[in-house]
> 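My structure is below; once you've seen it, I'll send some questions.
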Amino acid sequence: MLGEQITDKKKSGKISKVVQSIPPSGIREFFDLVMGRDDIISLGVGEPDFTTPWHIREACIYSLEKGYTTYTSNQGLAELRELICEEIHQDQRITYSPDSVLITTGVSEASDLAMRAILNPGEEVLVPEPSYVSYKPCISLAGGTPVPMETEREDEFRLTPEQLEKQITPKTRAVILSYPNNPTGAIMEKKHLEELTDAINEHNLIVISDEVYGKLTYNKKHTSITTLNGMKEQTIILNGFSKSHAMTGLRIGYAIAPEEIIDAMNKIHQYTMLCAPITAQMGAIEALQNGNAEMEKMKKEYNRRRRVFVRGLNRIGLDCATPGGAFYAFPSITATGLGSEEFAAQLLTEQQVAAVPGNAFGKSGEGHIRCSYATSLEELKIALERIEQFVEKSLLGRN
Amino acid sequence: MDDYRLRELLEVVEHNPKIPPEELAVMLGMSVEEVIQNIDRLEEQGVIRNYKTVIDWDAVGEEYVYAIIELKVALEDRSGYDTIAKRIAGFPEVRSVHLVSGDHDLSITVRGKSMKDVAFFVAEKIAPLKQIQGTVTHFVLKAYKEDGLILFGDEKPKRLPITP
């Protein structure tokens with residue numbers, strides 16, 4: 001529907017088969033409908049509405065003033081990697097050496113490097129769905145085959161051992177975990193992660209654990225799967241500063257993994273990226289040294305919005321699991337009888353509220369929309385009123 | 001109620017005193033009764049001292065002049081800084097009074113309708129007090145931030161409306 005324009009473009013044969021095979025991002029298509037309109041309340045934004053805390057911006061400015069505009073080592077500034085080790089030790093009680101850390105240009109790069117470092121042609125990577133839109137294309141571009149595992153609302157969108165085992169084949173090389181999850185807000189507690197380790201060990205799978213929302217959990221502290229018995233050797237942690245410290249545009253993230261894997265990722269990184277921008281690395285150092293108070297403040301604010309917004313959705317009649325982390329609510333819209341693309345498109349034209357259709361995050365996201373509550377409480381309240389009007393109207397239309 | 005949640009209640013009320021209890025309850029994951037009882041108690045105990053409205057008087061054509069005034073104090077026998085500070089604080093023209101370290105003792109803020117107004121007030125009401133040895137008046141030319149509130153409205157960069 002929305003993708004027709006793009007897929008119908010004439011094929012000149014100049015584009016590689018693998019790139020041609022990647023479908024355009026469902027989010028991108030929706031973006032074109034919204035772009036340039038000022039009357040819209042957007043719940044479609046996957047980044048904090050807070051500006052990067054001033055002390056971090058100030059540290060970046062100061063580093064520029066002092067003339068820190070050079071390359072860094074490929075792997076990233078030693079001080080930053082040491083701080084990351086300290087942080088994960090403090091947070092998860094697990095010890096890594098700075099040699100096990102690679103600083104990347106956002107988590108996106110780390111995710112791409114991880115796939116390219118471990119995959120042989122045709123090997124399969126299991127991807128829980130709904131999930132962030134980049135994993136599958138990254139896997140395909142690295143020559144692998146993405147295999148979705150469909151998580152369910154009744155499991156609060158956690159990955160169960162059954163869903164995992166069902167998809168394992170002799171070709172399975174790795175499994176992605178992305179919790180706290182974008183778009184569902186689902187988290188995996190220690191006990192849930194423990195249920196997965198048998199299958200992971202038995203089939204010697206590599207775990208790629210995207211923990212970029214790990215700091216944003218609301219009732220239970222985040223547990224990284226790397227802390228579980230035997231998992232450290234199997235796990236590539238992807239993390240960054242975008243969500244926790246509102247630093248999306250600075251493009252700074254990192255991977256933590258066994259040195260062998262980090263070395264392999266660094267090999268690609270040195271030829272394709274060279275190093276992450278030094279200004280952003282300086283900002284990240286400041287974030288780790290002095291960023292806790294501001295981070296907690298933002299997290300508290302998200303939590304208050306989460307309570308108001310999720311309750312509002314459920315009251316309207318859009319069944320919504322309480323998200324345990326990240327800043328997304330993922331309500332079901334099936335009560336309205338509309339598909340998620342229909343719902344999102346009509347909500348946008350009739351009530352000027354933008355949310356992302358759930359199927360943009362995988363087939364099992366159908367019947368849902370993703371609403372980001374990284375927007376002011378005032379806007380969220382207006383959005384709730386408008387969604388209510390829209391839902392009431394569509395329910396009337398059905399009866 | 002635990003300390004953490006109490007603190008959060010105060011943090012929210014500090015910046016948004018107008019939020020009704022029903023909404024506070026949802027935001028903070030408390031019952032409405034809990035919110036009302038706690039706010040009543042905090043008001044009674046004086047933890048919540050006051051609810052204040054910040055007004056841009058310039059915007060309605062009411063222009064005020066502010067001055068920060070350094071006061072050097074000579075303490076008299078038996079009376080400490082409190083006596084003189086309280087005396088000065090009594091004037092409605094005086095907006096704040098602080099005892100400070102450094103080469104002066106009290107730092108006060110005065111508001112008046114004109115520079116002349118403020119100057120006369122200092123000359124007639126403050127300087128003649130027998131404990132006051134000297135005053136230095138700094139007129140405020142422009143306020144950038146007050147009580148934690150940034151007063152300059154730089155345009156915020158816009159986020160893209162839809163991102164993954």
Side-chain angles (χ1 to χ4, degrees), chain A residues 25-38 40-52 54 108 131-134 182-183 218-219 242 248-249 296-297 300-301 303-312 315 322 344 348 354-356 360-361 370 372 374-375 377-378 381, chain B residues 1-39 42 47-48 51 53-56 142-164:
Chain A
S25 158
I27 289 188
R28 200 73 214 171
E29 296 162 13
F30 206 64
F31 177 85
D32 294 337
L33 292 176
V34 181
M35 197 54 193
R37 291 182 58 173
D38 285 334
I40 283 171
I41 294 187
S42 183
L43 307 178
V45 191
E47 66 178 324
D49 57 320
F50 300 102
T51 313
T52 313
W54 175 246
S108 299
S131 68
Y132 183 58
V133 297
S134 294
N182 170 9
Y218 301 107
N219 296 326
S242 294
T248 46
E296 283 300 320
K297 217 162 91 183
K300 276 187 183 170
E301 177 68 28
N303 194 6
R304 295 194 283 267
R305 296 171 184 177
R306 178 183 75 118
R307 292 192 182 112
V308 171
F309 191 64
V310 172
R311 182 182 149 110
R315 285 193 147 188
T322 302
L348 181 63
V356 182
F361 305 94
R370 187 195 73 173
S372 161
T375 196
L377 205 51
E378 290 70 39
K381 282 191 257 178
Chain B
M1 188 164 50
D2 57 73
D3 227 36
Y4 182 83
R5 292 204 299 162
L6 203 63
R7 214 168 268 270
E8 192 175 2
L9 172 65
L10 288 170
E11 282 167 8
V12 175
V13 176
E14 181 178 19
H15 295 110
N16 308 290
K18 283 171 71 181
I19 302 174
E22 294 72 25
E23 209 171 290
L24 279 173
V26 181
M27 281 169 81
L28 301 167
M30 303 172 185
S31 70
V32 181
E33 293 72 38
E34 257 185 302
V35 170
I36 293 173
Q37 279 168 12
N38 275 293
I39 288 185
L42 290 163
V47 175
I48 297 176
Y51 299 96
T53 311
V54 181
I55 293 170
D56 181 358
K142 187 172 177 182
Y144 294 94
K145 189 176 184 181
E146 263 171 9
D147 289 335
L149 198 68
I150 286 189
L151 305 175
F152 49 92
D154 280 355
E155 201 185 323
K156 216 183 149 184
K158 269 194 185 150
R159 297 183 294 170
L160 293 172
I162 304 270
T163 53

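Letters A, B, ... are given to chains in the order of the sequence lines, protein chains preceding strands, and every chain is numbered from 1. Please read these numbers as outputs of a predicted model, since none were measured by experiment.
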> Where does A/Val133 contact chain B at under 4.5 Å (heavy atoms): side chain, backbone, both or neither?
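Contact with chain B: side chain only.
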> Going by heavy atoms in the side chains, are B/Leu42 and B/Val13 under 4.5 Å from each other?
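No, every pair of side-chain atoms sits at 4.5 Å or beyond.
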> Out of B/Val35, B/Val32, B/Ile36, which residue meets the side-chain contact (heavy atoms from CB on, under 4.5 Å) rule with B/Leu24?
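It is B/Val35, the one option of B/Val35, B/Val32, B/Ile36 that forms the side-chain contact (heavy atoms from CB on, under 4.5 Å) with B/Leu24.
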> Is it the side chain or the backbone of A/Leu377 that comes within 4.5 Å of chain B heavy atoms, both, or neither?
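Contact with chain B involves the side chain of A/Leu377 alone.
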> Please look at A/Val45 and chain B and tell me whether the side chain, the backbone, both or neither of the residue comes under 4.5 angstrom of a heavy atom of that chain.
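Contact with chain B: backbone and side chain both.
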> Closest approach of A/Ala344 and A/Ala355, non-hydrogen atoms and distance?
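Scanning both residues, the minimum pair turns out to be CB-O, 3.7 Å.
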> Between chain B and chain A, identify every pair of one donor and one acceptor N or O atom lying under 3.5 Å apart.
{"unit_1": "B/Glu8", "atom_1": "OE2", "unit_2": "A/Arg304", "atom_2": "NH1", "d": "2.8"}
{"unit_1": "B/Glu11", "atom_1": "OE1", "unit_2": "A/Lys300", "atom_2": "NZ", "d": "3.1"}
{"unit_1": "B/Glu11", "atom_1": "OE2", "unit_2": "A/Lys300", "atom_2": "NZ", "d": "3.2"}
{"unit_1": "B/Glu23", "atom_1": "OE1", "unit_2": "A/Lys381", "atom_2": "NZ", "d": "3.4"}
{"unit_1": "B/Glu23", "atom_1": "OE2", "unit_2": "A/Lys381", "atom_2": "NZ", "d": "2.3"}
{"unit_1": "B/Met27", "atom_1": "O", "unit_2": "A/Arg307", "atom_2": "NH1", "d": "2.7"}
{"unit_1": "B/Lys156", "atom_1": "NZ", "unit_2": "A/Asp49", "atom_2": "O", "d": "2.8"}
{"unit_1": "B/Arg159", "atom_1": "NH1", "unit_2": "A/Glu47", "atom_2": "O", "d": "2.6"}
{"unit_1": "B/Arg159", "atom_1": "NH1", "unit_2": "A/Pro48", "atom_2": "O", "d": "3.4"}
{"unit_1": "B/Arg159", "atom_1": "NH1", "unit_2": "A/Ala374", "atom_2": "O", "d": "3.0"}
{"unit_1": "B/Arg159", "atom_1": "NH2", "unit_2": "A/Ala374", "atom_2": "O", "d": "3.1"}
{"unit_1": "B/Pro161", "atom_1": "O", "unit_2": "A/Ser42", "atom_2": "OG", "d": "2.4"}
{"unit_1": "B/Thr163", "atom_1": "N", "unit_2": "A/Gly44", "atom_2": "O", "d": "3.0"}
{"unit_1": "B/Thr163", "atom_1": "O", "unit_2": "A/Gly46", "atom_2": "N", "d": "3.4"}
{"unit_1": "B/Thr163", "atom_1": "O", "unit_2": "A/Arg370", "atom_2": "NH2", "d": "2.9"}
{"unit_1": "B/Thr163", "atom_1": "OG1", "unit_2": "A/Gly46", "atom_2": "N", "d": "2.7"}
{"unit_1": "B/Pro164", "atom_1": "O", "unit_2": "A/Asn182", "atom_2": "ND2", "d": "2.8"}
{"unit_1": "B/Pro164", "atom_1": "O", "unit_2": "A/Arg370", "atom_2": "NH1", "d": "2.9"}

> Taking side chain as C-beta onward, heavy atoms only, is B/Val54 less than 4.5 Å from B/Asp147?
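No - every pair of side-chain heavy atoms lies 4.5 Å or more apart.
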> Do A/Leu348 and A/Ile40 have side chains that get closer than 4.5 Å, going by heavy atoms?
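The answer is yes, as the side chains (C-beta and beyond) meet within the 4.5 Å cut-off.
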> Measuring only between side-chain heavy atoms, which start at C-beta, is A/Met35 closer than 4.5 Å to B/Ile162?
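SC-SC contact between A/Met35 and B/Ile162 ruled out.
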> Report the distance from atom CG of B/Asn38 to atom CG of B/Leu28, rounding to the nearest 0.5 Å.
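B/Asn38 CG to B/Leu28 CG: 10.0 Å, rounded to 0.5 Å.
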